[in-house]
Amino acid sequence: MQFLSLVLLATATAVSAAPAPAAIEKRSPPNIPTAASARTMLASLTVRSTDATGYDRDLFPHWITISGACNTRETVLNRDGTNLDIGTDCYPDSGSWFSPYDGATWTAASDVDIDHVVPLSDAWKSGAGAWTTARRQAFANDLTNPQLIAVTDNVNQAKSDQSPDAWKPPLTSYWCTYARMWIKVKNVYSLSVKSAEKTALGTMLDTC
C-alpha cells in the first residue's frame, strides 16, 4: 500500500509539473503608432474628392523574393504564425495563425490570406498612380510598416479593396489597432483620404 501511495504521489507531481500548452501568441505588424500619434497623422492627411482611375493589380509587383526561398507572403506567414514547421521551400507546412480581424485561429496556411491593410486599389485611387513601379513594388511588399498581416481568408475577401468607411474588421475590439495601422501607412506614403474615410477612422480611434 505504501509503495502504491508513493507511485500515485510521484505521478501527480509529474503531471502538476508538466508545462501547460503554450498560448498562441497574437503577433502584430511592425511600427503601429499610438492613438495620439495616429490622430496627429490623420489630421495631416490630404482629403480628396475624386478617385484616380486606371488601376491594375499588375502595376504593383507583389510577393517578391525577400530572402533565399522566401517571398513576401511566406515571410508574413512565418512572422505571424506560431509553432511552425517550415519546409525548405520556406512554406509553413503546419502551425497556428491567429486572425485579429475576426478572432479565429487556423492551423493550415491555406486558410490564411495576407491582407494589404491599405489595399493596392485604394492606394492607386489615393496617389500611387503617380509613383514609379519601384515605389509601388515597395508598397506592395512593405515589411517595415503595418501594411501586411495574416488574416482569415474569407474575411480578407469580404474586405476586398474597401476603405474603413465601407468595411471594418468584424471584431470591434480591433478597430483601434486597424485604424492606427491604416493611418500610419497612408501617412508614410503620403496617400490621400476621402472625407467619409477620415470620419470613419476618427470614429475607430475613439474606441482606443
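For reference, positions follow the sequence shown, starting with 1.
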A.B. asks: Hey, what do you get for OG1 (T177) to CG (L205), rounding to the nearest 0.5 Å?
C.D. replies: 10.0 Å
A.B. asks: Do any N or O atoms from the side chain of T40 and from the backbone of A36 form a donor-acceptor pair under 3.5 angstrom?
C.D. replies: yes
A.B. asks: If you compare all heavy atoms of L191 against all heavy atoms of A128, which two are closest, and at what distance to 0.1 Å?
C.D. replies: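 Taking every non-hydrogen atom into account, CD2-N, 3.9 Å.
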A.B. asks: Mark yes or no for whether N141, through its side chain, and W63, through its backbone, hold a donor-acceptor pair below 3.5 Å.
C.D. replies: yes
A.B. asks: Indicate the ring-plane relationship of F139 and Y189, choosing parallel, tilted or perpendicular according to the 30° and 60° boundaries.
C.D. replies: perpendicular
A.B. asks: Nearest heavy-atom pair of Q137 and I64: which atoms, and what distance?
C.D. replies: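 Q137 and I64 have their closest heavy atoms at NE2-CD1, 3.7 Å.
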A.B. asks: Any side-chain donor-acceptor pair under 3.5 Å between T34 and S37?
C.D. replies: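 Side chains of T34 and S37: pair found under 3.5 Å.
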A.B. asks: So do D115 and L148 actually touch side chain to side chain, heavy atoms under 4.5 Å?
C.D. replies: no
A.B. asks: First locate atom CG of N31, then atom CZ of R180, and finally report the distance between them rounded to the nearest 0.5 Å.
C.D. replies: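 Taking CG in N31 and CZ in R180, the distance rounds to 12.0 Å.
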A.B. asks: Keeping S192 on the side-chain end and R48 on the backbone end, is there a donor-acceptor pair under 3.5 Å?
C.D. replies: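 No, the answer is negative, given that no donor and acceptor are paired below the 3.5 Å cut-off.
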A.B. asks: Only one of V76, L143, N71 forms a side chain to side chain contact (heavy atoms under 4.5 Å, CB included) with I66, so which one is it?
C.D. replies: L143
A.B. asks: Looking at every heavy atom in both G202 and L42, which two are closest together, and how far apart are they?
C.D. replies: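 So the minimum-distance heavy-atom pair works out to N-CD2, 3.9 Å.
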A.B. asks: Answer yes if the ring centres of W167 and Y101 are under 6.0 angstrom apart, and no otherwise.
C.D. replies: yes
A.B. asks: Can any side-chain N or O of W97 pair as donor or acceptor with the backbone N or O of A150 at less than 3.5 Å?
C.D. replies: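 No, because the side chain of W97 does not come within donor-acceptor range (under 3.5 Å) of the backbone of A150.
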A.B. asks: Rounded to the nearest 0.5 Å, what's the gap from SG on C176 to CE on M204? Could you check?
C.D. replies: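 Between C176 SG and M204 CE, I get 9.0 Å after rounding to 0.5 Å.
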A.B. asks: Does the side chain of D153 pick up a donor-acceptor pair with the side chain of N156 at under 3.5 Å?
C.D. replies: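 Their side chains do not contain a donor-acceptor pair, so the 3.5 Å distance test is not met.
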A.B. asks: Regarding W106 and S99, do their side chains bring together a donor and an acceptor under 3.5 Å, going by distance alone?
C.D. replies: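 No, no side-chain donor-acceptor contact under 3.5 Å.
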A.B. asks: Does a side-chain heavy-atom distance below 4.5 Å link K184 with P29?
C.D. replies: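 No, too far: nothing below the 4.5 Å cut-off.
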A.B. asks: Salt-bridge test for K125 and E197: reply yes if a basic N is under 4.0 Å from a carboxylate O, no otherwise.
C.D. replies: no
A.B. asks: Drop me the distance from Q147's CD to W182's CH2, to the nearest 0.5 angstrom.
C.D. replies: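 Rounded to the nearest 0.5 Å, the CD-CH2 separation comes to 8.5 Å.
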A.B. asks: Do D122 and K186 meet the salt-bridge criterion of a basic N to acidic O distance under 4.0 Å?
C.D. replies: yes
A.B. asks: Measure the spacing between NZ of K198 and CG of L45 and express it to the nearest 0.5 Å.
C.D. replies: 7.0 Å
A.B. asks: Begin with the C-alpha distance, continue with both residues' side-chain angles, and end with the deciding distance and a verdict on side-chain contact (heavy atoms from CB on, under 4.5 Å) for K194 and D51.
C.D. replies: CA-CA 9 Å; K194 299 176 296 184; D51 290 343; 4.2 Å; yes
A.B. asks: Closer than 3.5 angstrom, by distance alone: can the side chain of S44 be matched with the main-chain N or O of M41 as a donor-acceptor pair?
C.D. replies: yes
A.B. asks: Between S67 and C70 (side chain of the first, backbone of the second, donor and acceptor by atom type, cut-off under 3.5 Å), is there such a pair?
C.D. replies: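 A pair under 3.5 Å: no.
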A.B. asks: Looking at every non-hydrogen atom in both residues, tell me the closest pair between L171 and G103 and how far apart they are.
C.D. replies: CD1-N, 3.4 Å
A.B. asks: L84 and G95: which non-hydrogen atoms are nearest, and at how many Å?
C.D. replies: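 What the structure gives for the nearest pair is CD2-CA, 3.8 Å.
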A.B. asks: Nearest 0.5 Å, please: how far is CG in N78 from CG in D80?
C.D. replies: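 The CG atom of N78 is 9.5 Å from CG of D80, to the nearest 0.5 Å.
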A.B. asks: Any side-chain to backbone donor/acceptor pair from R136 onto L59? Under 3.5 Å, distance only.
C.D. replies: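 Yes; judged by distance alone, with no hydrogens or angles, the pair exists.
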A.B. asks: Can you see whether T152 engages D102 through a side-chain donor-acceptor pair at a distance of less than 3.5 angstrom?
C.D. replies: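 Checked: T152/D102 side chains pair up, N/O donor to acceptor below 3.5 Å.
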A.B. asks: Can you list every pair that meets salt bridge (Lys or Arg N to Asp or Glu O under 4.0 Å) and has a residue in residues 33-42, with sequence neighbours left out?
C.D. replies: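 Listed by first then second residue: R39-D206.
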A.B. asks: Go through H116 and W124 one step at a time and tell me if the ring pair (Phe, Tyr, Trp, His ring centres under 6.0 Å) criterion holds.
C.D. replies: CA-CA 13 Å; H116 287 95; W124 180 271; over 10 Å; no
A.B. asks: Give me the ring orientation class for F60 and Y55: parallel if the planes are under 30° apart, tilted from 30 to 60°, perpendicular past 60°.
C.D. replies: tilted
